[in-house]
Peer 1: 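What follows is a single structure, and I will ask about it in a moment.
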Amino acid sequence: MASDGSSDRQRVAQQRLRIIAGHLQKPVDVDSDILAAECKAQGPKTQASSEGSAMPRRRQEIMKWNGWGYIDTKFLFNKKGQAEFTGKRYRLSGMIIPALRDWFEGTFGANLQHKSLATPILTSGAVQPPTLNEAFVEELKSTGIPFSHDAEDRVFRAHGHCLHEIFALREGKVGRVPDLVVWPNCHNDVVKIVELACKHNVCLIPYGGGTSVSSALECPPEETRSIVSLDTSQMNRILWIDEKNLTAHMEAGIVGQDLERLLNESGYCTGHEPDSMEFSSLGGWVATRASGMKKNIYGNIEDLVIHVKMVTPQGVIEKSCQGPRMSTGPDIHHFIMGSEGTLGVVTEVTMKIRPMPEYQKYGSVVFPNFEQGVACLREVAKQRCAPASIRLMDNEQFKFGHALKPQVSSIFTSFLDGLKKFYITKFKGFDPNCLCVATLLFEGNREKVLQHEKQVYDIAAKFGGLAAGEDNGQRGYMLTFVIAYLRDLGMDYYVMGESFETSVPWDRVLDICRNVKARITRECKDRGVQFPPLSTCRVTQTYDAGACVYFYFAFNYRGLSDPVHVYEQVERAAREEILANGGSLSHHHGVGKLRKEWMRETISSVGMGMLKSVKDYVDPNNIFGNGNLL
Amino acid sequence: MASSAVYSHRDPMLKKRDDFEDILEERRNSSDLRYALRCYTPVLYKGVVPCKSSMLKIMVLQSDQLHYVINQVSKETGRETDDVKDEASSILDEMAHCQQLSTVRFFAFTLSKVFKSLFRNICVNEEGIQRLQQAIQEHPVVLLPSHRSYMDFLLMSYLLYTYDLSLPVIAAGMDFMGMKIVGEMLRMSGAFFIRRSFGGDKLYWAVFSEYVKTMLKNGYAPVEFFLEGTRSRTSKSLTPKLGLLNIVLDPFFKGEVFDVNLVPVSISYERILEETLYARELLGIPKPKESTSGLFKARKVLSEDYGSINVYFGQPVSVRSLAEGRVNRGQFNLVPRHIPRRHGEDIHSFVSDSAYKLVRAQEENMVLKPWVILASLLLQNQAAGQKQGIALDELTAQAVWLRDLSRQYGAFLHWPEHIPPSEVVSSSLSLHRGLVRICEGKVQLAVEQEVGPVVPAEPRSTVTPEEKLLSQAVIVLSCASYRNQALHVFLRPALLASAIHTASSNQKQEVFNSFSFLRNMFSNEFILCPGATVEDFEEACYLLGKTGALQVTQQEVLVTERGHRTLAFLISMLDPFLQGYQVVCRFLCEEATETLTEKQFIPAVRKFIIKHLLAGRLRYAEVLSSDLQKNSLAAFLRLGAVQKIKGVDPVTLKVNKVMVNSLEDTLGGKLPTQKAVVARL
């Protein structure tokens, strides 16, 4: 980072100049925007895209086409049968994880002899040739906007990361895929593409980070028009930073990690850190109502967004000012946020930014049982003193986390670990099969963090919680990023899994956790799953009136004739159970096509009608025809 | 655990039932004391830590629900909350159990002695016990025994202790508390006491429901109560009471537990201890108040032989499976769960249907002894007016016929196969020698028995015809109570047989209308699930068709040549009820005045019936049963033929004579049924 110091200053200066230039220009009409946000195609390239880490157009060059994340990073069992995490990108990369194998075999009844490896490469015959709308393609060519109908490019954008999507890819099965991929470089490119799509009646599906887990990116199989995937990844610039108002204006294709990194270089951050932030994009966050891990300090996406520009078939929708709050009828941002690509493409967003926190501290607390843990989180929420992040894992997840401990380098550390374990289980009398762990992240200035930390630990103590060190906390958060890679390992050995979330009032948290976990176990049993599934949960967010709960389930599917179907039935049953227990349809994953069937009961028929009428007005010809939500 | 497991009426012959083990056998061969003091370590629900009864009280008093209701009551009445709280606390003290293992051991010891002297054996299906053990570990369990005797709940606790299962907490009626020492003993063995009626008392209801729910939710112990609400004096299952069932299902509806296992338990007595006691009660000879001294006086029953008891622990019924697709639990999402609310129609009908299913499950697993067959035959014979009785070999032949028929209808009949039928018959008769008399090779009910031998000094002339009638009725009603044990087996075919009998043609629709009318009429009398008319009709057609008594085509229902005997038997079985309801109609038309109060109804109708019996206009002494009279009144109220005039005290009955008249005529087959009920096949 140090070497970047000088270029940093340069860039800040440039930005200032640009902002001032922006101020000097008279805002007469929309054109002024275009001037302020000149297209990369014409203008000089900004620093952001020259960083090299931005997403290439051919994503499959650095990312797996049939699994999670980077090609160079994966879990595997090496020749000695030890689990290993490859690559260099993460703290855990390159390490041996000795306990994982036992946990894996013990939890799922899996066996390293029984492999279910993925099809290594996509056979060209598996992908249907593109249905191209010649007139559209011709006109698109004349605009100079890059596009492709290469099979790999198209397949990559035909899916999100639902289990059934990845499972099919691993088997080399490909359904309906987009016929064309376009890479607009700026807002104006998008305007042109949408105009052409309307003119030639082509179906557009916006594509940001591709991390959807709601079947939102699946092409509707009944779609007969040419489907064009609109990949926003090249629209990844920070257009300006306003230090007076602490806002920044970005193109919507920028992915989370780039956004944070670039802002950090100027001493700022958005603080919006969804678990998928390595890959998910700003536009995607807006389109799905995303939530970040540190929302307690920074807020969720709806709290962070100041201004949004979206291109729809009817034209561009945006507000005329950046006032922090408006009383001008229903907030039009709320039609955009959560629209899941059914109304248009989000092209530019103005977001709140904050100075980077001076001090960060991880922490963790062990509770004798989950009930006590939830009671503590509830109290923390009541006193409104939640740290930037506070998460409570249940016992199964605690054990899972334990299994992911890397090989310890010194005898001393392992001795310390043993001592800690002894202290908690023997001296304090915690039952290792009941105890659970909360992980904490504090942010702010040093003094306040320490004060805050004490307050939280004091509350925890009232509920029998014992501070369990920074290390456990930090590992907990690091695991968030590597856990997604683990599913691919499971699928190599007949284990399939998925996570899903909900939000629920405080008084129902314990009930919903118990019932949903039990329902998963029962459904798996009823459907012939031989080994009891892993069915576990954690409370990941606290609010004044409730919490967000995350469930994980995974099972050994060896011997099942149609495992994906079993999995889908179980997941469906689990969602029914969530709704019956007062949970919401989704806290932040969105509805997509996966949860559409429950929309009417969730928002009432009138609510459906409202959304439908908006869709009918904005996009009467269903150009944005991904079929999500309604 | 599927809902279909509750009861299946498609093919009763295929039903597999478990075998029984006699638990008294071991008691007769080993020390009762050692048994009472043995190590008792039941398995618990998901390793829950047992909760002291004092702790339980604190949990209830601190619950959100009770807090809410206390505040509400305090607001409404203007009383101090502390005052209301104290009242809640004293209600709880009056109610709560304080189970102690020592008391349980005491009972284990004494009951061993008592049971051994009273009963030949106590047979339990051990597979049911194993299922129960499994169920207790998985989810909170509710035990739902049938209720025929005071014995029932002591017996249940005794059995669970014997099998090392968690001891239940039992909802018992307040009347037990009248017996000072015994009441406290029962409390210490796990009974908790509820008032018989507390209609509008919000606070009482809140304490009570929270108490039950707290025990259930935490899975401290199986909760036991009687769906029928009280002991059935007639051995017919009583229509279920829904209050407690509502309470135990509530935690499931509200998501507070994942599931609740309901375990129907069928306890059948070969000879009921309270046999004549019940008969007298039904005849209006008031029941002695429960008192400890009364219990001691009753100890002479100890010297008699009461045959055997069969206890069948049914398949646990998962509430979750029952509710699947029927109850939208989401309806509780929008109001805090601790605020008491009236349930919606869907929940209400679900609870009611479940209750009926469970009572039917109890009925189906009720073991029938040969005597039940004999009692049915003897009653019909007696009513047919054959004073000199029926020849023993004739009775045996009929019994064998009825045995086979009942088995085809799915009866759980314990007829010893290795013994010749004649011996089975004579040993049954000898066990019930108080009710039958064998004279010159002919068997008859002991109705002509003189009071003489017991009180020889009393001059015969003082016995009025009315007293003589009543003493005969005691025998008839006792006998009827045994026949009633088999009623559920024959009920649907009997309704169909009677419907064919009264219908004006063989048209299927016509027969169905008639069936539907009778079924509707008798739905307070027998266990007939609301809204299941078509299913019941089909079941009856199926059973009668299967046994060759009927030919059922698309259009017609025809009685076959060999079916006449079966149909005649079935019609006779239902006839006392048909006649009874008609007499009550007569009474309402002829004698009911403007000022007839609800309280006067039973004595007045009884007097009317006695008059008819003495005049020979009525054959069935069992119509004197107050149970029948109450049920018929309830039916007439339900159908709107009689109305309660409230507001004035006492409550009076207003009779719609036109309607009652037409009901009587329809029952008697004088009027076609097309208008009586709106029904559709």
Side-chain angles (χ1 to χ4, degrees), chain A residues 368-372 374-375 378 395 429 431-434 502-527 532 535 537 545-546 549 551 569 572-585 597-604, chain B residues 1-5 45-49 59 62-65 67-68 134-135 137-140 213-214 216-219 249-261 316 318-339 341 344 346-347 350:
Chain A
N369 56 46
F370 192 64
E371 288 76 9
Q372 295 280 66
V374 170
R378 204 283 161 264
N395 182 260
D431 179 348
N433 289 316
C434 288
T502 186
S503 57
V504 65
W506 276 115
D507 71 315
R508 284 183 174 268
V509 170
L510 284 175
D511 290 330
I512 208 170
C513 291
R514 179 193 54 240
N515 290 354
V516 172
K517 289 199 282 183
R519 179 76 181 261
I520 290 170
T521 308
R522 179 184 272 201
E523 293 286 336
C524 281
K525 193 177 160 202
D526 288 353
R527 299 181 195 290
S535 173
C537 71
V549 181
F551 295 95
Q569 284 179 312
R572 196 177 177 286
R575 182 58 62 183
E576 294 266 331
E577 192 62 35
I578 285 174
L579 298 177
N581 283 276
S584 63
L585 190 52
E597 60 176 302
W598 294 286
M599 266 303 267
R600 189 171 294 276
E601 68 174 276
T602 301
I603 63 167
S604 82
Chain B
M1 294 230 184
S3 60
S4 61
Y45 167 59
K46 290 195 183 131
V48 78
V49 190
M59 286 169 76
Q62 288 177 345
S63 69
D64 291 339
Q65 194 204 341
H67 265 268
Y68 181 86
Q134 186 68 33
Q137 284 166 284
E138 282 172 352
H139 303 293
K213 280 189 225 172
T214 306
L216 187 82
K217 278 192 295 203
N218 296 297
L249 296 188
D250 203 54
F252 169 75
F253 295 145
K254 292 183 175 166
E256 292 163 336
V257 292
F258 180 71
D259 201 351
V260 174
N261 276 322
S318 147
V319 173
R320 180 171 274 270
S321 317
L322 272 184
E324 177 91 57
R326 284 213 50 182
V327 174
N328 171 17
R329 285 179 286 154
Q331 65 187 278
F332 296 97
N333 288 352
L334 296 177
V335 177
R337 289 175 292 173
H338 65 268
I339 298 180
R341 273 202 310 163
D346 63 330
I347 299 253
F350 168 72

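Throughout, protein chains are lettered first and strands after them, A, B, ... in sequence-line order, and every chain is numbered starting at 1.
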Peer 1: Can you tell me if R514(A) uses its side chain to pair, donor with acceptor, with the backbone of E256(B) under 3.5 Å?
Peer 2: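 Yes, R514(A) side chain to E256(B) backbone: donor-acceptor pair under 3.5 Å.
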
Peer 1: As an exercise, state the distance from NZ of K217(B) to CG of D511(A), rounded to the nearest 0.5 Å.
Peer 2: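 Answer rounded to 0.5 Å: 8.0 Å.
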
Peer 1: Applying side-chain hydrogen bond (donor to acceptor under 3.5 Å, both in side chains), can you list everything that pairs with D250(B), at least two apart in sequence or on another chain?
Peer 2: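 For D250(B) the side-chain hydrogen bond (donor to acceptor under 3.5 Å, both in side chains) partners, ignoring immediate neighbours, are K213(B), K254(B), H343(B).
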
Peer 1: Counting heavy-atom pairs closer than 4.5 Å to chain B, which one of G582(A), A580(A), G583(A), P505(A) comes out on top?
Peer 2: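 Ranked by heavy-atom pairs under 4.5 Å with chain B, first place is A580(A).
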
Peer 1: Quick one, E138(B) and R522(A) - any side-chain contact, counting heavy atoms below 4.5 Å?
Peer 2: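 Not in contact.
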
Peer 1: Please check this pair: side chain of N333(B) against backbone of L579(A), looking for a donor-acceptor N/O pair closer than 3.5 Å.
Peer 2: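 Pair found, side chain donor or acceptor close to backbone of L579(A).
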
Peer 1: So, taking the atom named CZ in R337(B) and the one named CZ in R508(A), what distance separates them when rounded to the nearest 0.5 Å?
Peer 2: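 That separation rounds to 4.0 Å.
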
Peer 1: Using non-hydrogen atoms only, which part of V257(B) is less than 4.5 Å away from chain A: side chain, backbone, both, or neither?
Peer 2: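 Contact with chain A is through the backbone of V257(B) alone.
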
Peer 1: Could you state the interatomic distance from CD (E577(A)) to CZ (F258(B)), rounded to the nearest 0.5 Å?
Peer 2: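 One finds 5.5 Å between CD of E577(A) and CZ of F258(B).
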
